[in-house]
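Below: one structure, written as structure tokens.
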Amino acid sequence: MINVLFCGNDKVFDGILTCMLSIFKRTKTTEPFNFYIFTMDVSHIKPEYICISDEQVQFLSDVAKKQNPENKITKVDVTDLYNKEFANSPNEQCYCSPYTLLRLLADLIPSIPEKFLYLDADLLFNDDITKLYNIDVSDYEYAAAPDHYGKLILFWQRKFINAGVILFNVKKCRETGLFEKSRNEIKAHKLTFADESAIIRSTTKQLKISQRFNDQKFLYKKTVIRHFSKRLFWLPYPHTENIKQWNWAKMMAKFKYTCFKDVLEDYIYYKKKFELER
């Protein structure tokens, strides 16, 4: 079983759908997938901060099982855990959303496997997921790639990684207390990058892997994952843009990634199907 974790509210549906489709289209293994989705309702913070719906999860499950009947989608409502651990913490109003903190609860979920791949929802696979998932992390807490901009600006911070793609060894994390230490950092200090900073501060032993497993700026022939995070553009003037893969028309116009055409065609089909069946 290949275990993958996403975190978010109902707004991550399009991201999870496109990411899943790219995994299925680029992966040759017959091994089944178990996609975990950590979600919560904290609409008291913002009205749109609600759980991903059962309807959305069921649809994702149907898509996954069409690829392999043994594939599973496991929704985990962590609202109570979040409120216990992070409510009113200095990082609750972090730079993106409180949903980025949910992966730090992984060791508190009894059903979580000893190895899982955490993925942000704004990425697409350009190559086989097993090239990443089969990396040996038995002696490490996790494997992750350097942050594209962080490695240039914070080059002296040897542990600095982009937390959008992390292969976790939960057994080792429990031994070192990585998740617990990270939660304590979130509760005690206002951090620049919230969960990412907490993980880096709490790391005992990490495995740095190639940027091709989390390319945040370019798409190369050897790229395994293209991460559509906020990116700096120099022309026609220095500015940032946050172009996501499910905004397919804008993404194609800006990047012209024809290699993802098959993924986006399936996404458009399934998204229309979901909307018609609601």
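Note that the structure is predicted; figures quoted are calculated from it, not measured.
Looking at Lys181 and Glu185, no side-chain N of the basic residue comes within less than 4.0 Å of a carboxylate O on the acidic one, giving no salt bridge. Salt bridge annotation for Asp139-Lys172: absent, with no cationic side-chain nitrogen under 4.0 angstrom from a carboxylate oxygen. In this structure, Lys222 does not pair ionically with Asp127, as no charged nitrogen and carboxylate oxygen lie closer than 4.0 Å. For Glu48 and Lys11, the salt-bridge test fails: no basic side-chain N is under 4.0 Å from an acidic carboxylate O.
Residue-environment remark: NZ (Lys72) stays at or below the threshold of 12 foreign heavy atoms within 6.0 Å. The number of heavy atoms from other shown groups lying within 6.0 Å of CH2 (Trp246) is above 12. Under a cut-off of 6.0 angstrom, the local environment of CD in Glu175 is crowded, with over 12 non-hydrogen atoms contributed by other residues, nucleotides or ligands. Other residues, nucleotides and ligands place no more than 12 heavy atoms under 6.0 Å from the NZ atom of Lys171. Within 6.0 Å of atom CD in Glu180, 12 or fewer heavy atoms from other residues, nucleotides or ligands are found, so the atom counts as exposed in its surroundings.
Not a single donor-acceptor pair under 3.5 Å links the side chain of Glu141 to the backbone N or O of Cys173. Judged purely by atom type and a 3.5 angstrom limit, Asn126 has no side-chain atom pairing as donor or acceptor with the backbone of Val224. Side-chain atoms of Thr27 never come within 3.5 Å of backbone atoms of Thr29 as a donor-acceptor pair (strictly under, hydrogens ignored). In terms of modelled atom types and a separation under 3.5 Å, the side chain of Ser202 and the main chain of Ala198 share a donor-acceptor contact.
Residues Asn9 and Ile52 are not in side-chain contact: their nearest non-hydrogen atoms beyond the backbone lie 4.5 Å or more apart. At least one side-chain heavy atom of Ile135 sits under 4.5 Å from a side-chain heavy atom of Leu207. Within the 4.5 Å cutoff, no side-chain heavy atoms of Leu117 are placed close to those of Ile2. Proximity of Trp248 to Lys271: side-chain heavy atoms (C-beta onward) are nowhere separated by under 4.5 Å. The shortest side-chain heavy-atom distance between Asp128 and Arg26 does not fall under the 4.5 Å cut-off. Using a 4.5 Å heavy-atom threshold, the side chains of Pro146 and Ile161 count as separate. Looking only at side-chain heavy atoms (C-beta outward), Phe24 and Asn71 come within less than 4.5 Å of each other. Looking at Phe260 and Met252, their side chains never come closer than 4.5 Å, going by heavy atoms from C-beta outward.
No side-chain donor from either of Tyr99 and Thr39 sits under 3.5 Å from a side-chain acceptor of the other. For the 3.5 Å distance criterion, the side chains of Asp215 and His227 fail to qualify, holding no donor opposite an acceptor. A donor-acceptor contact under 3.5 angstrom links the side chains of Asp14 and Tyr267, judged on distance only. Side-chain atoms of Asp147 and Gln216 include a donor-acceptor pair closer than 3.5 Å. Using modelled atom types, one finds a donor on one side chain and an acceptor on the other under 3.5 Å when comparing Asp62 with Gln58. For the residue pair Asp80 and Tyr82, no side-chain donor N or O sits within less than 3.5 Å of a side-chain acceptor on the partner.
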(request) For Asn3 and Tyr133, run side chain to side chain contact (heavy atoms under 4.5 Å, CB included): C-alpha distance rounded to whole Å, both residues' side-chain angles, the deciding distance at 0.1 Å, then the answer. (result) CA-CA 9 Å; Asn3 303 296; Tyr133 195 81; 3.4 Å; yes
(request) Give the intermediate values and the outcome of side chain to side chain contact (heavy atoms under 4.5 Å, CB included) for residues Phe6 and Val12. (result) CA-CA 9 Å; Phe6 294 104; Val12 300; 5.9 Å; no
(message) Run the ring-ring contact (aromatic ring centres under 6.0 Å, His included) test on Phe179 and Phe168 for me, step by step, so that the C-alpha distance in whole Å, both residues' side-chain angles and the decisive distance to 0.1 Å come before the verdict.
(response) CA-CA 11 Å; Phe179 291 115; Phe168 279 107; 5.2 Å; yes
(request) Check the pair Asn68, Thr30 against side chain to side chain donor-acceptor pair (under 3.5 Å), reporting the backbone distance first and the verdict last. (result) CA-CA 8 Å; Asn68 183 338; Thr30 57; over 6 Å; no
(message) Run the side chain to side chain contact (heavy atoms under 4.5 Å, CB included) test on Leu219 and Cys259 for me, step by step, so that the C-alpha distance in whole Å, both residues' side-chain angles and the decisive distance to 0.1 Å come before the verdict.
(response) CA-CA 10 Å; Leu219 180 70; Cys259 60; 3.4 Å; yes
(request) Apply side chain to side chain contact (heavy atoms under 4.5 Å, CB included) to the pair Leu124 and Gln245, showing each step before the final yes or no. (result) CA-CA 8 Å; Leu124 292 176; Gln245 75 271 18; 3.7 Å; yes
(message) Between Thr203 and Tyr142, does the side chain to side chain donor-acceptor pair (under 3.5 Å) criterion hold? Intermediate values first, please.
(response) CA-CA 9 Å; Thr203 295; Tyr142 61 84; 2.6 Å; yes
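In this structure, Phe38 and Tyr36 have perpendicular ring planes: the angle between them is above 60°, well past the 30° mark. Between Tyr257 and Phe255, the ring planes lie parallel to each other; the angle is under 30°, not in the 30° to 60° tilted range.
Of all the heavy atoms in Gln211 and Ala145, the pair that sits closest is CA-CB, 4.2 Å. Taking all atoms of both residues into account, the shortest heavy-atom contact from Val170 to Pro113 is CG2-O, 3.3 Å. The nearest pair of heavy atoms linking Ala121 to Cys19 is O-CB, 4.5 Å. Of all heavy-atom pairs spanning Ser138 and Asn169, the tightest one is O-ND2, 3.4 Å. Shortest non-hydrogen contact noted between Asp10 and Ser53 is CB-N, 4.5 Å. What you find for Ala253 and Lys256 is that their closest heavy atoms are O-NZ, 3.1 Å.
Separation of atoms CZ (Phe116) and CD1 (Ile109) is listed at 10.0 Å; rounding is to 0.5 Å. From Asp120, atom CG reaches atom CD1 of Ile225 across 10.0 Å, with rounding to the nearest 0.5 Å. Once rounded to the nearest 0.5 Å, the distance linking OG1 of Thr18 with CG of Asp122 reads 9.0 Å. The CZ atom of Phe86 lies 8.0 Å from the CG atom of Leu102; values are rounded to the nearest 0.5 Å. With rounding to the nearest 0.5 angstrom, the OG atom of Ser43 is 10.5 Å from the CE atom of Met40. Interatomic distance, Asp54 CG to Lys75 NZ, rounded to the nearest 0.5 Å: 4.0 Å.
Following chains of ILVMFWY side-chain contacts shorter than 4.5 Å, one cannot reach Leu60 starting from Met1, and the two form parts of different hydrophobic clusters. Linking Ile, Leu, Val, Met, Phe, Trp and Tyr whenever their side-chain heavy atoms come within less than 4.5 Å leaves Val42 and Ile50 in two separate clusters.
Judged as a salt bridge (Lys or Arg N to Asp or Glu O under 4.0 Å), the pairs with a partner in residues 103-119 (not counting sequence neighbours) are, in order, Arg103-Asp195, Asp107-Arg183.
In this structure, Arg226 satisfies the cation-pi test against Phe228, with its NZ or CZ atom closer than 6.0 Å to the six-membered ring centre and inside 45 degrees of the ring normal.
For Phe13, the ring-ring contact (aromatic ring centres under 6.0 Å, His included) partners two or more places apart in sequence, or in a different chain, are Phe274.
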